[in-house]
Structure formats: C-alpha cells, structure tokens
There are 2 protein chains.
Amino acid sequence: MKASDRAYASLREDIVEWRLVPGTVLGEVEQSERLGVSRTPLREALARLTADGLATAQRGRGVVVSELSLGQLGELFELREALECKAAALAAQRGDPARFADLRDRLAAAPALLADRDPQRQEYYALASELDAAVDEAILNTYLAQSLAGLRVHLARVRRLARDDAARLRQAAVEHATIAGAIADRNAPLASAATAVHLSNSLQHIRTNYPKEAAHG
Amino acid sequence: MKASDRAYASLREDIVEWRLVPGTVLGEVEQSERLGVSRTPLREALARLTADGLATAQRGRGVVVSELSLGQLGELFELREALECKAAALAAQRGDPARFADLRDRLAAAPALLADRDPQRQEYYALASELDAAVDEAILNTYLAQSLAGLRVHLARVRRLARDDAARLRQAAVEHATIAGAIADRNAPLASAATAVHLSNSLQHIRTNYPKEAAHG
DNA sequence: TCGCGAGGCTTTGTATACAGCAAGGGGCAA
DNA sequence: TTGCCCCTTGCTGTATACAAAGCCTCGCGA
C-alpha cells in the first residue's frame, strides 16, 4: 500500500473516531513525523481529506479538522435525504427482490435480538452496512454511489458523536426493515418515503442526544 | 495563485472543452512540462481531477481522462435530479421571493430574444448560471452546494458535447422560468417537479443529439 | 513460428532541499 | 508605558533527485 494511502486512512480514522477533534491544526511536519511518512505523501493525504470535507485549508494556518455543528448536521441530513431517497427509489426499480427480501427478514428479526450488549449492536451495524452495500450495488450508478460513499464518512463521524441507545437501534431496525421491504416489493415511492421517515427519526434522535460540549463550532 | 491551482484549472478547462479527449493519458512529466510547473504541484492537480471524477487513476498507466458514455450520462442525470430537485425545494422554502420573481420574469422574456445568434445565446447561459447561483445561495446548505458545484463541472463537459439549438434553448428558458416562478411562490413541490421536468427534457434532447463518434467508451 | 523470460526503459512514488511568505515577538522611539 | 516596526522563526509551496515497480521489447529456445 502507498504511503499516502496509509497516511490518508490513518488521518481519516483519527478524525472519524474523534481522536483529532475539530479545530486541530494538521501541521505537515508534525503529522508526517507522527505517521512516519515524508511530507509529500502527507500533503496528498491532507488534500484528499480537504476534498472530502473532513478538513479545511485555512489561509496561513494550514489544514484544520472541520467543525461539525448542529447546523451542519442538519445540512448534512438534507443532502443525505436527497441522495438516499433517490438511491432507495432506484434500488426498488433495479435491485434483486430476493436479496432485499432476505435483508428485510433479517432486519425485522433484529429488534428482538438487540439487547444493551455491544456484540449484538455490532451485529446490527454490520446488517445496516450490508443494506447500504446492497443498495449501492442495486442502483447501478457510479456517481450516486460515490456521493453516498463520501457522505457516509461524515455520518460515521456523527455516529461516534451521538451514541445510539438500544431503544433507538430497535426502532432503526424496524425502519430499515421497512425500507428493505419496499425495495423488495419494487415499490419505489414507498422505499423513498420510508427512507425519509428513517432519516427524519435519526436526525431527531441525534439532535436530542447531541453532546452540549460539541454544540459550539 | 498557486502553481497547483493553475495546473488544476488549466487541465480542468482542457478536459471540459474537450481539448483533452477521454482516454488521453495525462503523464506527469509530459503535463508538467507543458504547463510549466514541476511534478509536485501537477500531481496535486491530477489528484483533484481524479477526486472530481474527471480523470481516473489507472494502475500502471497513470491518470487518464474519464470517459463520458451515454450510460454515464444517464447516471449523471439521476444524481442531478436528486440534487437539483432537493435544491429547488429548499430554495422555495428559504429563498428571497423577490429575487426569484425577477429571475422568472427575465427568463420568461428570454425566448423572444433568443435567435440563432451566439451573443444572445451567451446572455441566456449567463441568466441560467445566475439562477443556479441564486439557488446555491438560497438553500443555505454548504454540503449540497458543494455537491452541485462538483456536478456542474461534468455538466459543462456535456454541454460542449451536445450543442443546444435555438429551439431547445427557448424551451429550456420556459422551463427555467417555471422553476424560478415556483421558487418565488414558495411552492416547494412545484419547484421540485418543474426541475424534474426540465432535467427529463434536457436529457432527452442531449440523447437525441448525442454525437455518434462519442457514443463508445 | 510462437511462447516464454529476462533485461531495459519509462513511469510513478517518495524523500529531501530550497525559497518565499506570514505571523509573532522583541526592541526602540515617542 | 504603549504603539509601531523590523527581525527572526516556523511554516507552506515548489523543485529536484533518488528508488521502486510495471510494461514493453528483444532474444532465445522449443
């Protein structure tokens, strides 16, 4: 693997996991020494992070980790609604019904299994990721899939910020099952609507549980 | 201005204007010599082009200019519909009605002025760009605006490919006026629907006039 | 004549050295 | 004492030199 890729992956994970908090200045020399690569590949990594929107280049101060305020969260979810509703609708038109019917059943069974214990939680997250991946494949649209991938990086950052409780996860599983079911039934409008509902509930839940110390920015 | 910015802008324009056709290999040494910059800033420019989707990094062969087939055009318009319909709806909710009413009137007056002569054509393009900019400002959403900006680069490439005739431009002006009017009336669903109609007609027109020699790829 | 392999050559990937610039601190003057 | 100016220092931006990896080609053997 290339050094620039390693530096990019490492920095991106550090940002998503909140080890590098918003406002942190990513000095080229400092980070290159920390990650054990030269300045050239590190610069490339910083450029990619900036393109992703995870960092912003500030005149004279270098590259700093992006803020993620409540307002930006709302903006992010507006974009998410545009992309994911469209994706759900396209998946309903083009996806393999059997695959999504299977996902629907497994998601519908998830709430009963979901306790407060973390192992099941990871299992559910994996299931949700599987649904995302299935939608990505089903839509047959490189541009849309790429936009969704870029969006999910930001969403991963949000997830770390406002940890979901078991009750919310159970509800989310139901909502996901509804989406998968609508896609399996080739019902595009319903798939889109179910996605909108899910996103609205998710945003509301995050807003309610948003840590106060991160609300500035 | 930075050397990397100049290289990026120059290469992007060359690609959009079809001076660099799809499949062209962008060798680092060759392009750095042509543009009069070193390899380091040129690499940064190539990385940005790749992130934009205008070029793709091919293992071993370097960076090549992306193809733009009819199929990809369809995918592009699906993404465009998702983003622009959402943007139109948000603009209807948040935009300044007076500004869009003004745009509506000027766009409605455009078809009468639009002859086959190029000067008026440029004037109309400027008017359409003004509508885009007004929407960008009205939506108050950085993420969505950024996605739209990235999308428009690709659309500029398409425009150069399938030149619009006067009849299509007149119709497009009417459609744009409808969108602006719906936003001015704060009618979000109508704004979204009018955008969908416009995009559908645009795509159909482009598909009809698509040059055969560019249809492969 | 065709297939395989080794060598060279071109390419990218990385490191380092240099230049220009901007910001901060210290000193001098009012 | 305070404000302004200059100097120093650290940074980014750029260039170039070096290393490694892939591909093409030429030659040899079957």
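Protein chains get the first letters and strands the later ones, always in sequence-line order, with residue 1 at the start of each. Values below: every heavy atom of this structure, side chains too, minus hydrogens, waters and symmetry copies.
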For Leu26(B) and for Thr40(A), locate the closest nucleotide of DNA chain C by heavy-atom distance; then report the residue assigned to the nucleotide nearer the 5' terminus.
-> Leu26(B)
Okay, side chain of Trp18(A), backbone of Arg160(A): is any donor-acceptor separation there less than 3.5 Å?
-> no
Would you kindly check if the NZ (Lys) or CZ (Arg) of Arg159(A) is within the cone defined by 45 degrees around the ring axis of Tyr125(A) and under 6.0 Å from the six-membered ring centre?
-> yes
Tell me: CD of Gln58(B) to C1' of dA21(D), nearest whole Å?
-> 17 Å
CE of Met1(A) versus P of dA21(D): gap in Å, rounded?
-> 15 Å
Using a cut-off of strictly less than 4.0 Å, decide whether Ser4(B) has a side-chain nitrogen or oxygen near OP1 or OP2 of dT14(D).
-> yes
Whole Å only: how far is the CG atom of Leu46(B) from the P atom of dT12(C)?
-> 9 Å
Please check the phosphate of dG13(C) (OP1 and OP2 only) for any side-chain N or O of Arg43(B) closer than 4.0 Å.
-> yes
Nearest-Å distance for atom pair CG/C1', residues Leu42(A) and dG13(D) | 14 Å
Atom CZ of Arg39(A) and atom P of dC18(D): how far apart are they, to the nearest Å?
-> 20 Å
Geometric cation-pi criterion Arg80(A) and Phe77(A), 6.0 Å radius, 45° cone = yes
Between Ile179(A) and Val135(A), is any pair of side-chain heavy atoms under 4.5 Å apart?
-> no
Side chain of Ser38(A) - closest among dA15(D), dT14(C), dT16(C) | dT16(C)
Does any N or O in the side chain of Ser147(A) come within less than 3.5 Å of the main-chain N or O of Tyr143(A), such that one atom is a donor and the other an acceptor?
-> yes
Starting from P on dG13(D), measure out to CD on Glu44(B) and report it in whole angstrom.
-> 7 Å
Whole-Å distance between dG13(D) C1' and Tyr8(B) OH?
-> 19 Å
Of the nucleotides dT12(D), dT14(D), dT12(C), which has the atom closest to the Glu28(A) side chain?
-> dT12(D)
Of the nucleotides dT12(D), dT14(C), dA15(D), which one has an atom closest to the side chain of Ala3(A)?
-> dT14(C)
Whole angstrom value for the distance that separates P of dA15(D) from CZ of Arg6(B) = 8 Å
